[in-house]
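Take a look at the structure set out below.
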Amino acid sequence: MLRLVELEVRHLRALCAIADTGSVHKAARQLGMSQPSLTTQLRRIEQAVGGQLFSRERTGSSPTPLGSFVLCRARPIVAEMSALVTEARAAAASRPGGEYLRIGSTGSPAVPGWLRRLRARLPEADTTFHMDPSAHTLLRMVVANQLDAAFVHEVEGSPLRIPDGLRLHVLVEREPQFVALSATHPAAGRSVLSLTELAHERWMVDPTADGEWTGLRRVFAEAGISPRVVHGDNLAAADLVAAGEVVAPCQPTSPARAGWVVRPLLGDPLAVRLLLATREGTPGAKPVIEPEALVADLESAYREVAWASDAYRHWFQRHDDVKSLPFTVVA
């Protein structure tokens, strides 16, 4: 049995993550660990404090009265530890050769090229990268000074809740979402697919990606179809798509993979807005890198992967009204 004196900040951070996300599964993804590991950790924490901290229901997990009591004590401790780390990094960055650049993203094929360009621009800076399927989590991290910038997507029809203190830079106003399906699928040879011809397929969506399921459900309703849905993370989708078990919405910049193909959807019913979030400037404070430079490098990296994708390149060629990608700033 885990004793109370053995509780650590990471255990308290896990409790806060479960409470904030309302789900052990989502919290595990946010913390970068497996759900069984977090479940086991939660049991040990509950053994340490002597009672159940969360009630498990079909819709998720919610704090019990004991859990609310523990969370009230845990949150200040976690906040203080985060502040300590942030202030220590800021102190280190203030010394010559001690610059830090902290980048986050919901995930994109453009990220490797972006980081490569940033390293070339800031060769002396220590760059860290944090990936999370939840755009809301990343935006909160930027506001809390845990990240310097976050590259996120906003699903059309499911707007993000933008915290105060952020500056948003629009990378792409409307990026069409394509569909990934097995190379052996009967429709794989077609250049453009409609939702109706995929109505009887199992669609895989990641419930931890903010707005993904809401957006897909909306376009299904508008198309008058009700396909079967499989919930799972995007990492697992690749193997299932290649095996022909599911089809899945995907970014148009998705690279070619063995066993599957990427095709646009007729009429581009599903789309996202790509955003780079930075903190609003503090008078007298000079950032490690100006937001305009972050945007410029991200734009360059995005164009690189966009034109490397056959499906996306052909989509551009069919859309004469889209001559270039918009990159503007939202005031």
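Keep in mind it's a predicted model, so treat the numbers as computed, not measured. Residue numbers run from 1 in the order of the sequence given.
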Among all residues two or more places apart in sequence or in another chain, which pass the salt bridge (Lys or Arg N to Asp or Glu O under 4.0 Å) test with Arg140?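 Arg140 satisfies salt bridge (Lys or Arg N to Asp or Glu O under 4.0 Å) with no residue once adjacent residues are dropped.
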Keeping [X] on the side-chain end and [Y] on the backbone end, is there a donor-acceptor pair under 3.5 Å?
X: His314; Y: Ala311; answer: no
X: Glu46; Y: Leu53; answer: yes
X: Ser300; Y: Ala296; answer: no
X: Arg273; Y: Glu175; answer: no

Name every donor-acceptor pair, under 3.5 Å, that has one atom in a side chain of residues 247-261 and the other anywhere in the protein, sequence neighbours excluded.
from   : atom 1 : to     : atom 2 : distance (Å)
Gln251 : NE2    : Gly107 : O      : 3.2
Ser254 : OG     : Gln251 : N      : 3.4
Ser254 : OG     : Gln251 : O      : 2.7

Does one hydrophobic cluster hold both Val230 and Leu216, with members joined at side-chain heavy-atom distances below 4.5 Å? no
Asp206 side chain to Trp213 side chain, donor-acceptor N/O pair below 3.5 angstrom: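 No donor-acceptor contact under 3.5 Å links the two side chains.
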For the residue pair Ser191 and Arg263, confirm or rule out a side-chain donor-acceptor distance under 3.5 Å. no
Minimum-distance pair of heavy atoms, taken over all atoms of Arg10 and Gln41: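 Scanning both residues, the minimum pair turns out to be NH1-NE2, 3.3 Å.
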What is the ring orientation for Tyr312 with Tyr302, classed by angle as parallel under 30°, tilted 30 to 60°, or perpendicular over 60°? perpendicular
Are Glu201 and Arg228 within salt-bridge range, i.e. N to O under 4.0 Å?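 Judged by the 4.0 Å cut-off on N to carboxylate O distance, Glu201 and Arg228 do not form a salt bridge.
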For the side chain to side chain contact (heavy atoms under 4.5 Å, CB included) test, which of Leu298, Leu276, Val152 pairs with Leu171?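 It is Leu298, the one option of Leu298, Leu276, Val152 that forms the side chain to side chain contact (heavy atoms under 4.5 Å, CB included) with Leu171.
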